[in-house]
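Positions are given from 1 along the sequence. Quantities reported herein were computed from a predicted structural model and do not represent experimental measurements.
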Amino acid sequence: MAMAMKRRVFLPSKQLLPRFITSSTASSSSSSSSPPAAAELPQTGRSCAPPVTGERALDLHDTEKLFASTPSGALLRSLVNLKIMAWEPVVDLRSAAARAVVVAALKATAYRHFCAGENVEEACKTLQGLWDDGLQGILDYGMEDAEDNAGCDANLAEFLKTVEMTSRLPISSVSFACVKITAICPVSLLERVSDLLRWEQKDPAAAAPWRRHQFPVLCDASPLYHTPSVPAPLTPAEERDLEQAHRRLAELCGRCADVNLPLLVDAEYTSVQPAIDYLAYDGAARFNRGPTPIVYTTVQAYLKDSKERLAMATAAAEKEGITMGFKLVRGAYMTREVKLATSLGVAPPIHRSIQETHRCYNTCALFMLEKAAHGGAAVVLATHNSRKVAAAKVDELRMGRGNERVQFAQLKGMAEGLSLGLRNAGFNVSKYLAFGQVDKVIPYLLRRAEENRGLLSASSMDRDLIWKELKRRLTDAVLEMIVLSLFLSLSILNVKSPTGPGP
């Protein structure tokens, strides 16, 4: 592997960006011989210590401070675009014709709000604007679901180009690169590998000969209904294709390691997720041997097995001396998962309510923060809801709000108030910058809208904050006009009033 490059330090003009502090704590190794049960994860009801003396409070109510660097025109555009994306006809697209009409409309409106541009050069310009406002960026090339090796190789070239471009940018302006395994490994192969991994979970004697590691990708609570019967083993051609997928991911991870840029591996739907985790853990086993992880995998808190799998994976990593990185998300395939499970007559793999998902998310977040505080892991809290529980936990553990092992993240154009509030309080905050050709990225966002309705409809908090600030500015402007009018009127009266002696 090439020697890591030194990236030059650059601070934004407004000095708003929290310091990207490198932790001096070494990676810890565990002597635990068995993975902890899900019940060992912390509960969210426990009290957290008050903020460390001198730390700024996480304030999401003072909109004047939150949006101090945002022009009124930008706030108004944000409000309009959030309204559009939360509108039910946009989210609930049934026909190709309706989708085509909406895509054309969104190209002129919401695309620029939620996306960073059509290519990596445009995305980097968008990122510079975030950097000036004290936020970091996660560059996400919006391509997924490759059908063959040629498509996978073409996508890999774009991912590598993105990483190469970040090496020319100011240090810490880019917090992560991002990859979808479905873009560098054919989806049909991911389905086959997932089937074999699920059958191995059912019958441990059916161990696959092509497995490179024994990291736990499934647990007793994992959904196995996708694979009702013994799947055929991989053919020699499929095994070669799997090696190709390993090679692509290793090449991307190696380039990220060269420029010291962590890589987020996105999660997908349960029919292919076991194979994605298998590939991602292989990358982690190779590149996460130092104190700071390069490869981050993703855990979706809406899945019932997420806590148990998270505990098992971290225990296995500690035993092997691997520093794990995890991105915690709510999950984006609720409609798809429920539809598939219902069609098979089984219970869906997701929690029954959003409240249960939130509780699971908080439990996983507190568990990972404990691990990060001891230097054995790192976590990205990708959430569009206020996570004061996590923020308070960072203070309780006295990790330092600028600790590089803890990052908050939101989509570009979403939860701006939360992003700015966390930034003002001193946390590391990144915006997810999806970029790519309009006809590729807009359908990607629409699928996320359709399959993750709660995300866009829950943007009401952000809309309320923006509307509150716009009303405040309008009120201030009206008051200024009234005061100015009174001043001018008095000035005119003074001019007309006789000042000299009378006749």
Side-chain angles (χ1 to χ4, degrees), residues 1-13 17 20 111-144 146 151-184 247-266 283 287 292-296 325 327 380 382 404 407 409-413 419 428-442 444-445:
M1 187 186 305
M3 186 177 296
M5 295 173 57
K6 293 279 288 183
R7 299 171 68 191
R8 74 183 172 88
V9 177
F10 175 86
L11 292 178
S13 58
L17 187 63
F20 197 63
Y111 176 79
R112 290 297 175 188
H113 181 75
F114 293 102
C115 301
E118 295 200 40
N119 51 53
V120 67
E121 291 80 12
E122 290 184 6
C124 287
K125 291 180 181 178
T126 302
L127 187 144
Q128 184 64 55
L130 289 176
W131 174 246
D132 290 340
D133 281 340
L135 300 171
Q136 298 169 280
I138 299 171
L139 289 177
D140 180 18
Y141 174 53
M143 184 58 66
E144 57 183 6
C152 292
D153 288 337
N155 289 336
L156 174 64
E158 290 297 325
F159 286 124
L160 291 172
K161 180 181 177 182
T162 301
V163 174
E164 179 62 32
M165 182 66 72
T166 65
S167 66
R168 307 171 196 169
L169 296 171
I171 189 171
S172 299
S173 61
V174 184
S175 52
F176 297 90
C178 185
V179 66
K180 297 172 182 62
I181 298 297
T182 54
I184 60 173
R247 177 195 61 77
R248 293 186 193 100
L249 182 58
E251 184 175 354
L252 181 58
C253 292
R255 188 64 189 119
C256 286
D258 289 344
V259 299
N260 195 27
L261 179 68
L263 178 68
L264 298 177
V265 178
D266 275 352
F287 291 94
T292 304
I294 288 294
V295 181
Y296 285 64
K327 179 180 69 168
V380 177
E404 68 172 355
Q407 181 89 222
Q410 296 85 38
L411 290 170
K412 178 183 182 295
S419 299
N428 293 317
V429 185
S430 294
K431 301 298 284 187
Y432 230 82
L433 304 179
F435 70 93
Q437 297 178 0
V438 177
D439 60 337
K440 296 286 194 278
V441 177
I442 287 293
Y444 162 77
L445 291 176

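Residues G137 and L127 share a closest heavy-atom pair of CA-CD1, 4.0 Å. Between C178 and D140, the shortest heavy-atom distance links the atoms SG-OD1, 3.7 Å. What you find for E122 and E118 is that their closest heavy atoms are OE1-N, 2.8 Å. The minimum heavy-atom distance linking Q407 with S430 is given by the pair OE1-OG, 2.8 Å. Closest non-hydrogen pair, T162 versus V120, comes out as CA-CG2, 3.8 Å. Summarising the geometry of L139 relative to A123, their closest heavy-atom pair is CD2-CB, 3.9 Å, with the distance given to 0.1 Å.
With sequence neighbours excluded, the residues forming a ring-ring contact (aromatic ring centres under 6.0 Å, His included) with Y141 are F159, F435, listed by chain and number. K327 meets the salt bridge (Lys or Arg N to Asp or Glu O under 4.0 Å) test with D266; sequence neighbours excluded. A146 meets the side chain to side chain contact (heavy atoms under 4.5 Å, CB included) test with C152, N155; sequence neighbours excluded. For E158, there are no salt bridge (Lys or Arg N to Asp or Glu O under 4.0 Å) partners two or more places apart in sequence or in a different chain. K431 is linked by a side chain to side chain contact (heavy atoms under 4.5 Å, CB included) to L130, L135, Q410, E416, S419, L433, counting only residues two or more places apart in sequence or in another chain. K161 pairs by the salt bridge (Lys or Arg N to Asp or Glu O under 4.0 Å) definition with E121, not counting sequence neighbours.
The OG atom of S172 lies 8.0 Å from the CG atom of N428; values are rounded to the nearest 0.5 Å. Annotation: the span from N260 atom CG to T292 atom OG1 amounts to 7.5 Å, rounded to 0.5 Å. Atom CG of L263 is separated from atom SG of C256 by 4.5 Å, given to the nearest 0.5 angstrom. We find the CG-CD distance between D258 and E164 to be 9.5 Å, quoted to the nearest 0.5 Å. Atom CD1 of residue I294 and atom CG of residue L261 lie 7.5 Å apart, to the nearest 0.5 angstrom.
C124 places a side-chain heavy atom less than 4.5 Å from the side chain of L169. Using a 4.5 Å heavy-atom threshold, the side chains of V179 and L264 count as separate. Between V265 and Y296 the shortest side-chain heavy-atom distance does not fall below 4.5 Å. Looking at heavy atoms from C-beta onward, F287 lies out of side-chain contact with P293 at the 4.5 angstrom threshold. Residues F114 and L411 have side chains not in contact (no heavy-atom distance under 4.5 Å, counting atoms from C-beta outward).
For the side chain to side chain donor-acceptor pair (under 3.5 Å) criterion with E251, the lone passing option out of R247, R248, R255 is R247.
Here the side chain of Q136 pairs no donor or acceptor atom with the backbone of S173 at under 3.5 angstrom.
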